[in-house]
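Here is the structure we will look at, set down as structure tokens.
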Amino acid sequence: MTQVILRWGGIMGGVMVTLLLIEHFLFPMNDPGRYEMSEKFGYAAIIASLAIMYLAMIELEKRDGAPPTMWRKIIAGSGASLVAGSFFGLYNIFYSEVLNPEFLDVYYNHYISQLPVQSGPEYEQMVAELNAQREMFQVPGVQFLVMAATVVMIGIPMSVLLALLHKLRG
């Protein structure tokens, strides 16, 4: 099962990173008007890439010679999500350090400009909280963990859903 997890997790992570790189080169990111659309594209890329885990479940069935248990399919899908999440975490570090090093500053400044309150103590408190988050997120290890966890948190329910679909198919 480890081979299936590593193989398909690598494929899912590779597809995810490829989609995000294509989006980056087609639509440069330092346009605050594109942040919302880019975020939606990012989530769609994650979900589309994770859907590939269904193929991992088919391969697992072929290797076992019989339908694997639900738990085995869920573990395989979740493990592959962890591998893909690692690819995503590494990509985000590469993105923010190499491809677009000013992204975090531009993004947070845009976010601050969109706050519902633009002056006073409430505004100052919101800005201080956002700046603390930015400082924390600029640490590559934290960024890696947050982004990898995002993929895993989407991947676990998808593992359950795809395991159920795989069971219904068989």
Side-chain angles (χ1 to χ4, degrees), residues 1-27 29 34-101 103-104 107-108 111 130 133-170:
M1 182 160 56
T2 302
Q3 288 178 337
V4 171
I5 289 171
L6 292 174
R7 178 175 178 219
W8 288 99
I11 291 169
M12 292 175 350
V15 168
M16 191 180 306
V17 168
T18 300
L19 290 172
L20 294 170
L21 283 170
I22 289 169
E23 193 256 352
H24 166 72
F25 288 114
L26 288 178
F27 308 104
M29 258 313 278
R34 287 198 9 81
Y35 289 157
E36 187 177 334
M37 183 175 61
S38 185
E39 185 176 350
K40 288 176 185 176
F41 181 87
Y43 280 110
I46 291 170
I47 291 168
S49 301
L50 290 176
I52 295 171
M53 80 175 63
Y54 188 81
L55 299 174
M57 293 176 188
I58 291 171
E59 182 177 328
L60 194 60
E61 181 177 32
K62 288 178 183 175
R63 284 178 179 244
D64 289 351
T69 65
M70 284 290 292
W71 280 114
R72 203 160 147 82
K73 290 185 261 187
I74 292 169
I75 290 169
S78 298
S81 297
L82 183 61
V83 173
S86 296
F87 275 64
F88 187 61
L90 290 171
Y91 166 77
N92 276 280
I93 292 170
F94 177 74
Y95 180 81
S96 65
E97 298 288 325
V98 176
L99 290 180
N100 194 353
F103 170 72
L104 283 175
Y107 178 78
Y108 274 93
Y111 195 79
L130 287 171
Q133 288 176 14
R134 174 176 42 192
E135 286 176 27
M136 181 182 69
F137 206 72
Q138 286 177 325
V139 175
V142 171
Q143 187 180 53
F144 172 85
L145 290 172
V146 169
M147 300 315 256
T150 300
V151 173
V152 172
M153 296 307 293
I154 295 169
I156 291 172
M158 280 191 71
S159 296
V160 173
L161 176 65
L162 292 173
L164 286 170
L165 289 173
H166 188 258
K167 182 178 180 174
L168 292 174
R169 178 194 70 92

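Residue numbers run from 1 in the order of the sequence given.
Looking at residues two or more places apart in sequence or on another chain, you find a side-chain contact (heavy atoms from CB on, under 4.5 Å) between Leu161 and Leu165. Residues passing the side-chain contact (heavy atoms from CB on, under 4.5 Å) test with Leu55, sequence neighbours excluded: Trp8, Ile52, Ile58. Not counting sequence neighbours, the partners of Ile75 by the side-chain contact (heavy atoms from CB on, under 4.5 Å) test are Met1. For Lys40, the salt bridge (Lys or Arg N to Asp or Glu O under 4.0 Å) partners at least two apart in sequence or on another chain are Glu36. Taking Ile93 as the reference, Glu97, Pro140, Gln143, Phe144 meet the side-chain contact (heavy atoms from CB on, under 4.5 Å) condition, with sequence neighbours excluded. Applying the side-chain hydrogen bond (donor to acceptor under 3.5 Å, both in side chains) criterion to Gln3, with sequence neighbours excluded, gives Arg63. Here Phe137 pairs with nothing under the ring-ring contact (aromatic ring centres under 6.0 Å, His included) rule; sequence neighbours left out.
Legend: salt bridge (Lys or Arg N to Asp or Glu O under 4.0 Å) pairs involving residues 145-162, not counting sequence neighbours: none detected. Within the structure, salt bridge (Lys or Arg N to Asp or Glu O under 4.0 Å) pairs that include any residue of residues 67-93 comprise Asp64-Arg72 (at least two apart or interchain). Residue pairs that meet the ring pair (Phe, Tyr, Trp, His ring centres under 6.0 Å) test with at least one member in residues 47-78, sequence neighbours left out, are Tyr54-His166. Under the salt bridge (Lys or Arg N to Asp or Glu O under 4.0 Å) criterion, no residue pair touches residues 84-93, with sequence neighbours excluded. Residue pairs meeting the salt bridge (Lys or Arg N to Asp or Glu O under 4.0 Å) criterion with at least one partner in residues 41-52, sequence neighbours excluded, do not occur; the list is empty.
Looking only at side-chain heavy atoms (C-beta outward), Met57 and Val4 stay at 4.5 Å or farther from each other.
Counted within 6.0 Å of CE on Met37, heavy atoms from surrounding residues, nucleotides or ligands total more than 12; the atom is thus considered enclosed.
Paired with His24 under the rule ring pair (Phe, Tyr, Trp, His ring centres under 6.0 Å), one option of Phe41, Tyr95, Phe94 passes, and it is Tyr95.
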Derivation of the side chain to side chain contact (heavy atoms under 4.5 Å, CB included) call for Ile154 and Tyr43
CA-CA 9 Å; Ile154 295 169; Tyr43 280 110; 3.8 Å; yes

Step by step, would you call Ser78 with Ile74 a side chain to side chain contact (heavy atoms under 4.5 Å, CB included)?
CA-CA 6 Å; Ser78 298; Ile74 292 169; 4.0 Å; yes

